[in-house]
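For reference, positions follow the sequence shown, starting with 1. First listed ligand is number 1; within each ligand, the first listed atom is number 1.
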Amino acid sequence: MPEGSGEHVSVFETANAQFDRAAEVMELDGEMRTLLKSPFREMQVEIPLRRDNGTLSLYRGYRVQFNGARGPFKGGIRYHQDVDMDEVRGLAALMTWKTALVNIPFGGGKGGVNVNVKEINRFELERLTRKFISRIGHILGPYRDIPAPDMNTNAQVMAWIMDEYSGRHGYSPAAVTGKPIALGGSAGREAATGRGVVMVFEEVARREGWDPRQMTAAVQGFGNVGSHAARFLSEIGVKVLAVSDVSGAYFSEKGIGVSRVWSHNARNGSLEGFDEGEKISNDELLALKVDVLVPAALGGVLHKNSAGRVKARVVLEAANAPVTDAGGKVLEGNGAYLIPDILANSGGVTVSYFEWVQNIQQFTWDEERVNAELAKVMARATTQVWELAKQRSVSMRTAAFMIAIERVAEAERLRGI
Ligand code: NAD
């Protein structure tokens, strides 16, 4: 249940409600609907961790392979105390629609461990990661299922995953993406999700006749996605009035210096103590009078209660599932323009695909090429979604799902059920 919402919401139910609306418009037959909403394989494992103080902690790890009709399962691994099977299943479903929408040859998967990373140290984190991979490794692989970073996992965690997997199968950089560059990671991967968020926004703005230089934004979350999204937004002239992380939000009517936030975050490992502007709560950030609200942290933050307080006219969904189904109805009812997650944050998995391609071909691209290819994919997907939404008079989300569902359904039909 999202905090303060009083609304029972599961990420999987949210993803399915979004699916159903698109399936209805497409008049998709009932059998295909049932098939496409069913996860292919779900795995749950116990992860015992011997702590440095000698005690034993038990965690639960999950990997859901939702749909692989269009290629190997693809999706991040999240470390968070609230991770459970429903969340991982819902995020795996969203990955299926995301990879299909940007038309890269992958299916959808997701993984997670219910660990609070603040409670364990770096060495314990490494042991936990290796144990998790040793227990799910037999369903992973470059042509089976390829993990990537998500909340609280990063290039270092991906390096341990690659090492653990390679120890059993031989050198396998293509088994995981989001790796450090020294181990076969791609130039541009770290910034790719945030960069893609802003590329999608720019394309929508161009088509809608908005001038980014006249617009203001608030960004929730200053991790991989939020920090880069804030940087690229300010680079195209959007004035960023507020940023936040788990420590709270920082707001200035005159605009926050994004590069100063970056330096503070790099020095302190969090925004805590940032002394520019006024400190407000994350809830207050969501209700700020800005043009663009960018939720880039947890899912479910814009639920039926908080959505009613949103004053932004554009919600740019950088996080996965930041808007619940009821929250979406409230926002749309109030005339907000929603740029859906499966489009807005698809830059990360797109560059993960480029990383996989480079690993398989053993040929590296420079950052210029990565960014140019990313720009092409983001512009193509945004154009397709925007045009279909106009043609069929549906939301951008429904249009995005329609395109994705059509592609996965076609692959299912062709492969034979
Ligand atoms: P991250 O761990 O790098 O950063 C998360 C940020 O959110 C941190 O700044 C953290 O302090 C902040 N945060 C956590 N709880 C918060 C709260 N209650 N209120 C405000 N801020 C809070 O994670 P990330 O990789 O940036 O992922 C963020 C979101 O984007 C997730 O929904 C993730 O699934 C999605 N996403 C990530 C990628 C990727 O490539 N990393 C790709 C697509 C989508």
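Geometrically, ligand 1 and R78 share a nitrogen or oxygen pair separated by less than 3.5 Å.
Heavy-atom distances between G299 and ligand 1 stay at or above 4.0 Å for every pair. For R189, the heavy-atom gap to ligand 1 drops under 4.0 angstrom.
Looking at D150, L94, N345, V197, it is D150 that brings a heavy atom closest to atom 34 (O) of ligand 1. Residue A296 holds the heavy atom nearest to atom 28 (C) of ligand 1 of all those in A321, A319, A296, G221. Evaluated by nearest non-hydrogen atom to atom 25 (O) of ligand 1, the leading choice among N224, V219, L298 is N224.
Exactly one of V314, L316, L288, L285 qualifies for a side-chain contact (heavy atoms from CB on, under 4.5 Å) with L293. That residue is L285. When the options T129, T153, D163 are evaluated for a side-chain contact (heavy atoms from CB on, under 4.5 Å) with M158, the one that passes is T153. Here the rule is side-chain contact (heavy atoms from CB on, under 4.5 Å) with M396, and of V204, L388, V200 only V204 fits it.
Using modelled atom types, no side-chain atom of N152 and backbone atom of H80 make a donor-acceptor pair closer than 3.5 Å. Using a distance-only test at 3.5 Å, with no hydrogens or angles considered, a donor-acceptor pair links the side chain of E276 to the main chain of G257.
Under 4.0 angstrom from ligand 1, the non-hydrogen atoms of V225 come from both its backbone and its side chain. Using a 4.0 Å cut-off between heavy atoms, A318 contacts ligand 1 through its backbone alone, with no side-chain atom that close. Neither the backbone nor the side chain of P322 has any atom closer than 4.0 Å to an atom of ligand 1 (non-hydrogen atoms only).
Salt bridge annotation for K329-E332: absent, with no cationic side-chain nitrogen under 4.0 angstrom from a carboxylate oxygen. Using a cutoff of 4.0 Å between basic side-chain nitrogens and carboxylate oxygens, R50 and E124 are not scored as salt-bridged. A salt bridge does not link E202 with R195: every distance from a Lys NZ or Arg NE/NH1/NH2 to an Asp or Glu carboxylate oxygen is 4.0 Å or more.
Residue N320 approaches ligand 1 through these ligand atoms, each under 4.0 Å from one of its heavy atoms: 32 (O), 33 (C), 34 (O), 35 (C), 36 (N), 44 (C). Annotation for ligand 1: atoms under 4.0 Å from non-hydrogen atoms of N282 are 19 (N), 20 (C).
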